[in-house]
Amino acid sequence: MLDIKRLRECPDAVRTGLSARGAENEVVDQVLELDRERRELLTQVETRKSERNRVSKDIGKLKKSGEDTTGVQLEMRELGARIAALDEDVRDVDSRLHELILTIPNIPSATTPVGLDESANVVVRSHGETKAFDFEPKGHVELGEALGILDFHRAARMTSAGFPLLLGLGSRLQRALIQFMLDMHVDKHGYTEMLPPIVVNSKSMTGTGQLPKMADDMYRLPEDDLWMIPTAEVPVTNYFREEIIDRPLPVYMTAFTPCFRREAGAAGKVNRGMIRVHQFDKVEMVKFVDPATSYDELESLLGNAEEVLQELGLAYRVLELCSGDISFAAAKCYDIELWAPGQNDWLEVSSCSNFEDFQARRAGIRYRDSNGKTQFVHTLNGSGVALPRLVVAILENGQQADGSVILPAAIVPYMGGIDRIPMPA
RNA sequence: GGAGGGAUGGCUGAGUGGACGAAAGCACCGGUCUUGAAAACCGGCGACCCGCAAGGGUCCGUGGGUUCGAAUCCCACUCCCUCCGCCA
């Protein structure tokens with residue numbers, strides 16, 4: 001949520017920021033008009049309340065000294081009715097204003113490249129060599145089904161298309177990777193591990209910015225008015241919702257959760273296999289930081305995600321997303337993409353974003369600065385990393401001519417010493 | 001699912017119609033003392049909104065109601081705790 005003061009004081013900068021995203025900016029004028037209306041009403045109602053408070057105190061005194069206050073009480077009753085009517089107007093304008101502001105996306109940071117679509121994203125670095133094969137590398141679907149570790153057909157029968165099913169060493173590999181990543185973030189990077197609910201209420205979804213705009217992209221439990229999380233960012237960030245954080249910043253949290261996305265509108269795209277699915281596992285990192293440090297924290301967050309891939313010996317590149325491609329709540333975002341030879345393409349496995357105070361304002365997450373004054377924290381999060389695509393990359397990069405897969409050395413201890421997924425006899 | 005109890009500031013906790021934004025303690029900040037620290041003592045210390053300011057307003061789980069006036073009375077809801085039942 002944008003600070004209303006920011007809209008009042010520099011509406012042009014907000015308009016420019018919205019245009020850079022390709023978003024409409026008439027909303028700025030609507031907000032300013034409602035804001036003006038609201039303040040006018042407030043002045044009126046507060047003057048009357050002030051009078052009521054003063055007179056009511058007098059009535060108390062007069063009654064104690066035994067005087068008759070019937071007349072003035074009647075007057076006050078009328079004043080009370082006027083106040084009630086004005087209060088209702090204020091509430092009405094307030095909620096309209098609030099709802100409107102909730103629909104406005106964050107303003108891109110000055111360092112976010114300007115551009116309307118992914119073609120304007122900037123590759124900031126690459127790491128590792130994309131592997132050369134002396135045979136035609138297969139895709140993970142063909143590999144995984146032959147190895148007996150992926151079963152899309154049975155998964156579709158028990159649920160529907162787009163829900164993956166891992167089996168045997170495939171599911172063990174995914175479990176090992178979760179453990180590997182969590183251990184790294186907890187032991188090396190200083191994150192506190194959390195195992196949160198994966199179903200949350202509407203306030204939480206609004207706090208991180210999924211609601212109101214992304215309602216159609218999420219799975220919903222209408223009987224209970226709850227939602228299935230599209231990312232662990234939601235429960236983890238909402239850990240401090242409506243709190244003044246009473247511990248030193250920064251606070252780092254990491255969580256493994258399944259994630260659920262309807263991918264409405266993505267139907268029809270070529271998305272065979274595990275690359276775009278309705279349910280996937282992910283290890284997420286979330287930071288609550290002092291605003292002065294948030295851009296440094298973004299770089300180290302990105303570094304934490306990169307280290308996972310470096311340890312696994314996978315080739316990746318880092319993209320700085322342009323203003324038209326960053327998410328609703330983000331001010332700046334890096335994506336990390338893994339090379340997947342079977343796809344002959346890069347796969348996004350991590351998004352590391354600085355939301356500045358956008359989520360903190362919505363969710364009411366504050367801290368006390370060195371003067372004891374309450375301020376909104378800055379929140380950040382990044383995938384560290386998303387699993388099915390990581391598994392895809394490991395399978396496709398590690399494949400041998402005979403269809404077996406050699407696993408990265410770093411994961412072998414987590415596999416109980418198993419270093420290869422063999423073809424079934 | 002049944003019965004009962006509860007929700008007040010960063011925390012604990014007093015407050016049953018007017019002088020209560022709210023006692024007290026803890027925590028925190030500043031000071032005195034100390035070589036330094038601790039202790040002790042003194043002082044400060046809720047959040048949010050409107051306003052250039054002076055100042056004003058709102059907030060005691062949430063939403064309604066009664067009243068000139070509500071933390072306090074009434075209604076509904078939410079959440080938490082205890083016991084019983086069921087259950088992974």
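Atoms considered below: every heavy atom in the structure, side chains included; atoms not considered: hydrogens, waters and symmetry mates. Quick note on labels: first sequence line is chain A, next is B, and so on, each numbered from 1.
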[X] [atom1] to [N] [atom2], straight-line distance once rounded to whole Å:
| X | N | atom1 | atom2 | result |
| --- | --- | --- | --- | --- |
| A:Leu97 | B:C50 | CG | P | 10 Å |
| A:Asp369 | B:C28 | CG | P | 17 Å |
| A:Asp3 | B:C48 | CG | P | 12 Å |
| A:Lys5 | B:G51 | NZ | C1' | 13 Å |
| A:Arg38 | B:G57 | CZ | P | 16 Å |
| A:Lys203 | B:U62 | NZ | C1' | 8 Å |
| A:Asp224 | B:C77 | CG | C1' | 16 Å |
| A:Asp87 | B:G64 | CG | P | 10 Å |

Side chains of A:Ser350 and A:Tyr316: does their closest heavy-atom pair fall under 4.5 Å?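 Side chain of A:Ser350 against side chain of A:Tyr316, heavy atoms only: no contact under 4.5 Å found.
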Who does [N] pair with, Watson-Crick or G-U, both distances under 3.5 Å?
| N | value |
| --- | --- |
| B:C11 | B:G25 |
| B:A19 | none |
| B:A54 | none |
| B:U82 | B:A3 |
| B:U35 | none |
| B:C87 | none |

If you round to the nearest 0.5 Å, how far is NE2 of A:His140 from CD of A:Gln399?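 A:Gln399 CD to A:His140 NE2: 11.5 Å, rounded to 0.5 Å.
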Side chains of [Y] and [X]: any donor to acceptor distance under 3.5 Å?
| X | Y | value |
| --- | --- | --- |
| A:Thr208 | A:Glu233 | no |
| A:Tyr252 | A:Asn304 | no |
| A:Ser294 | A:His378 | yes |
| A:Ser50 | A:Asn53 | no |

Determine whether a donor-acceptor pair (N or O, by modelled atom type, separation under 3.5 Å) exists between the side chain of A:Arg241 and the backbone of A:Ala363.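 No; judged by distance alone, with no hydrogens or angles, the pair does not exist.
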Between A:Arg21 and A:Asn106 (side chain of the first, backbone of the second, donor and acceptor by atom type, cut-off under 3.5 Å), is there such a pair?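 Yes, A:Arg21 side chain to A:Asn106 backbone: donor-acceptor pair under 3.5 Å.
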Looking at [options], which one has an atom nearest to any side-chain atom of [X]?
| X | options | answer |
| --- | --- | --- |
| A:Lys61 | B:A19, B:C49, B:G57 | B:A19 |
| A:Glu46 | B:U58, B:G56, B:C48 | B:G56 |
| A:Lys49 | B:A47, B:C50, B:U58 | B:U58 |
| A:Asp246 | B:G56, B:C50, B:G10 | B:G10 |

Which whole number of Å gives the distance between the [atom1] atom of [N] and that of [M]?
| N | M | atom1 | value |
| --- | --- | --- | --- |
| B:G17 | B:A70 | C1' | 7 Å |
| B:A24 | B:U72 | P | 22 Å |
| B:G15 | B:C20 | C1' | 9 Å |
| B:A19 | B:C59 | P | 14 Å |
| B:G6 | B:C75 | P | 15 Å |
| B:G30 | B:G13 | P | 29 Å |
| B:G10 | B:U62 | P | 13 Å |
| B:A3 | B:C49 | P | 43 Å |

Is [X] near enough to [N] that one of its side-chain N or O atoms lies under 4.0 angstrom from OP1 or OP2?
| X | N | value |
| --- | --- | --- |
| A:Arg361 | B:C48 | no |
| A:Thr374 | B:G46 | no |
| A:Arg368 | B:C28 | no |

Pairs under 3.5 Å (N/O, protein and nucleotides 67-71 of chain B):
| residue | atom | partner | partner atom | Å |
| --- | --- | --- | --- | --- |
| B:C68 | OP1 | A:Arg77 | NH2 | 2.9 |
| B:C68 | OP2 | A:Arg77 | NE | 3.3 |
| B:C68 | OP2 | A:Arg77 | NH2 | 3.3 |
| B:C68 | O2' | A:Ser56 | OG | 3.2 |
| B:C68 | N4 | A:Lys63 | NZ | 3.2 |
| B:G69 | O4' | A:Ser56 | OG | 3.3 |

Minimal non-hydrogen separation, A:Val141 against A:Gly273, with atom names: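 Scanning both residues, the minimum pair turns out to be CG2-CA, 3.4 Å.
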Measure up the A:Phe163 and A:His278 rings against each other and bin them: parallel (under 30°), tilted (30 to 60°), perpendicular (over 60°).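 The rings of A:Phe163 and A:His278 sit tilted, inter-plane angle from 30° to 60°.
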Heavy-atom nearest nucleotide on RNA chain B for A:Arg366 versus A:Arg39: which residue maps closer to 5'?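 Result of the comparison: A:Arg366.
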Check every strand shown and say whether A:Arg91 touches a base, only sugar-phosphate, or nothing at a heavy-atom separation below 4.0 Å.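 The answer is sugar-phosphate, as A:Arg91 gets under 4.0 Å only of primed atoms, P, OP1 or OP2.
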